[in-house]
Amino acid sequence: EAPASALLLRAGLALLAWPVYLLYFLGIWEPFCKKVFFPFCLEKICGAHDKKSKKYKQELFRNLPDFRGPSGELRLLEIGTGSGSNFQFYPAGCKVTCTDINPNFQEGLSRNMKKNQHLHYEQFLVAAGEDLRQVPSGSVDAVVCTLVLCSVQSVSSTLREVLRVLRPGGAFYFLEHVAAEHSSWTYFWQQVCYPTWKLVFAGCCLTRELWKNLEEAKFSELKIQHISVALPWMPIEPHIVGYGVK
């Protein structure tokens, strides 16, 4: 539960952001956010985030080729592809299926596809992480999810779908921002910003302890590292990075 001082500051922040709340109540904000604001913001934030997290991603995806299927191909599914900022890290010849709940990233996506012609793009599915019914069970070698589990409706349902679509021995790769240490100032500011942040950034939750969900999911092997990716004026510094094997 947030302390009284955090609740007071939270109310002040909501007051500053009142136009957004008003547009939300009038039913205007959500479609505008989904079509225009969020894709634009995400591209800017992801650009800055990519620079800061590049070394972690290079390290994370280094062993992707180890998970090639028996045929020697690597079939990869990305949840929440957005504009495709992860494509540069995938190995040559990798067969990529892109999924996103929001189909409004075409501009950035086609730009990144042109830049990364070492990959085979299989299909683009408009789908939520919790419902990948268009993807057959056991049909992919790797699933990738970066900065997405913060905004899915249900983390546990998403991880169940991940395990369903992976073949036995396949791997799930993640890099996500998470809740800070409860006694820290970062956590205090995460509590202050929580409701307004969630509204402005299309359902993004600042205080999810995602490592717990990953530990509860039924991976046969799980590697999690807690890291720090600092962006100016953003309460999303604590991250986890790693992979789980089905």
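Computed over heavy atoms, backbone and side chain alike; hydrogens, waters and symmetry mates excluded.
- Using modelled atom types, no side-chain atom of Glu237 and backbone atom of Met234 make a donor-acceptor pair closer than 3.5 Å.
- Under the 30°/60° scheme for interplanar angles, the aromatic rings of Phe38 and Phe105 are found to stand perpendicular.
- Using a 4.5 Å heavy-atom threshold, the side chains of Pro65 and Leu74 count as separate.
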field: Full working for side chain to side chain contact (heavy atoms under 4.5 Å, CB included) between Lys246 and Val162
entry: CA-CA 9 Å; Lys246 178 172 171 177; Val162 165; over 6 Å; no
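- Leu163 is not listed as a side-chain neighbour of Arg160, based on a closest heavy-atom distance of 4.5 Å or more.
- A side chain to side chain donor-acceptor pair (under 3.5 Å) with Lys95 is found for exactly one of Gln123, Glu122, Glu73, namely Glu73.
- The two atoms that bring Val148 and Cys145 nearest to each other are CB-SG, 3.6 Å, heavy atoms only.
- In this structure, the side chains of Asn86 and Thr146 come closer than 4.5 Å at one or more pairs of heavy atoms.
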task: Starting from the C-alpha separation in whole Å, work towards a yes-or-no answer on side chain to side chain contact (heavy atoms under 4.5 Å, CB included) for Lys52 and His49.
output: CA-CA 5 Å; Lys52 299 268 189 176; His49 190 276; 5.8 Å; no
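- In this structure, the separation between CZ on Arg208 and SG on Cys150 is 7.5 Å, given to the nearest 0.5 Å.
- There is a side-chain donor-acceptor pair under 3.5 Å between Glu209 and His182.
- Between the Ser53 side chain and the Tyr56 main chain, no donor and acceptor come within less than 3.5 Å of each other.
- Judged by distance alone, the side chains of Lys34 and Asn104 never bring a donor and an acceptor atom under 3.5 Å apart.
- Classified by interplanar angle (parallel below 30°, tilted 30° to 60°, perpendicular above 60°), the ring pair Tyr90/Phe61 is perpendicular.
- The hydrophobic cluster containing Phe67 also contains Phe89, counting ILVMFWY residues as joined when their side-chain heavy atoms lie under 4.5 angstrom apart, directly or transitively.
- The nearest pair of heavy atoms linking Pro235 to Thr186 is O-CG2, 4.4 Å.
- Counting all heavy atoms, side chain and backbone alike, Tyr187 lies closest to Thr207 at CE1-CG2, 3.9 Å.
- No donor-acceptor pair under 3.5 Å is formed between the side chain of Asn213 and the backbone N or O of Ser156.
- In this structure, the side chain of Gln190 does not engage the main chain of Ile236 through any donor-acceptor pair within 3.5 Å.
- We find the OG-CG distance between Ser154 and Leu149 to be 10.0 Å, quoted to the nearest 0.5 Å.
- A distance of 11.5 Å separates CG of Leu23 from CD of Glu30, quoted to the nearest 0.5 Å.
- Hydrophobic clustering (side-chain heavy atoms under 4.5 Å, transitive across Ile, Leu, Val, Met, Phe, Trp, Tyr) groups Leu166 together with Val152.
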message: side chain to side chain contact (heavy atoms under 4.5 Å, CB included) for His226 and Glu181? Distances and angles first, verdict last.
response: CA-CA 11 Å; His226 287 257; Glu181 186 63 49; over 6 Å; no
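- Proximity of a side-chain donor or acceptor of Thr99 to a complementary backbone N or O of Glu78 within less than 3.5 Å is detected.
- Put simply, CD1 on Ile79 and CD on Glu161 are 8.0 Å apart, with the number rounded to the nearest 0.5 Å.
- Note on Leu109 and Val96: same hydrophobic cluster, where clusters join Ile, Leu, Val, Met, Phe, Trp and Tyr whose side-chain heavy atoms are under 4.5 Å apart, directly or indirectly.
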- request: Start with the C-alpha distance between Phe172 and Leu159, add both sets of side-chain angles, then the distance that settles side chain to side chain contact (heavy atoms under 4.5 Å, CB included), and finish with yes or no.
  value: CA-CA 9 Å; Phe172 171 58; Leu159 294 177; 3.6 Å; yes
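- Between atom CD of residue Gln153 and atom CG of residue Asp131 there is a gap of 12.0 Å, rounded to the nearest 0.5 Å.
- Scanning both residues, Pro91 and Leu64, for their nearest heavy atoms gives CD-CD1, 3.8 Å.
- The shortest heavy-atom contact between Cys205 and His177 is O-CE1, 3.6 Å.
- Residues Trp197 and Tyr194 place their aromatic rings such that the two centres sit no closer than 6.0 Å.
- For the pair Phe201/Leu206, no side-chain contact is recorded, criterion being any heavy-atom separation below 4.5 Å from C-beta on.
- Side chain of Arg133 to backbone of Ala127: no donor-acceptor contact under 3.5 angstrom is found.
- Note on Val126 and Leu77: separate hydrophobic clusters, where clusters join Ile, Leu, Val, Met, Phe, Trp and Tyr whose side-chain heavy atoms are under 4.5 Å apart, directly or indirectly.
- Residues Val143 and Ile240 share a hydrophobic cluster, clusters being chains of Ile/Leu/Val/Met/Phe/Trp/Tyr side chains in contact below 4.5 Å.
- Minimum heavy-atom separation, Ala6 to Gln191: CB-CB, 4.5 Å.
- When atom types are taken as modelled, the side chain of Arg111 and the backbone of Ser83 share no donor-acceptor pair closer than 3.5 angstrom.
- With Asp141 contributing its side chain and Arg68 its backbone, the two residues share no donor-acceptor pair below 3.5 Å.
- Here His118 pairs with nothing under the ring pair (Phe, Tyr, Trp, His ring centres under 6.0 Å) rule; sequence neighbours left out.
- Side-chain atoms of Tyr173 and Asn63 include a donor-acceptor pair closer than 3.5 Å.
- Between Tyr21 and Trp18, the distance separating the two ring centers is not shorter than 6.0 angstrom.
- Residues Leu147 and His239 form a side-chain contact, since some pair of their non-hydrogen atoms from C-beta on lies under 4.5 Å apart.
- For Arg75 (side chain) and Ser139 (main-chain N/O), a donor-acceptor pair under 3.5 Å exists by modelled atom type.
- A 4.5 Å side-chain heavy-atom check between Tyr24 and Cys33 finds every atom pair outside the cut-off.
- Distance check: Cys98 SG to Leu76 CG gives 9.0 Å after rounding to the nearest 0.5 Å.
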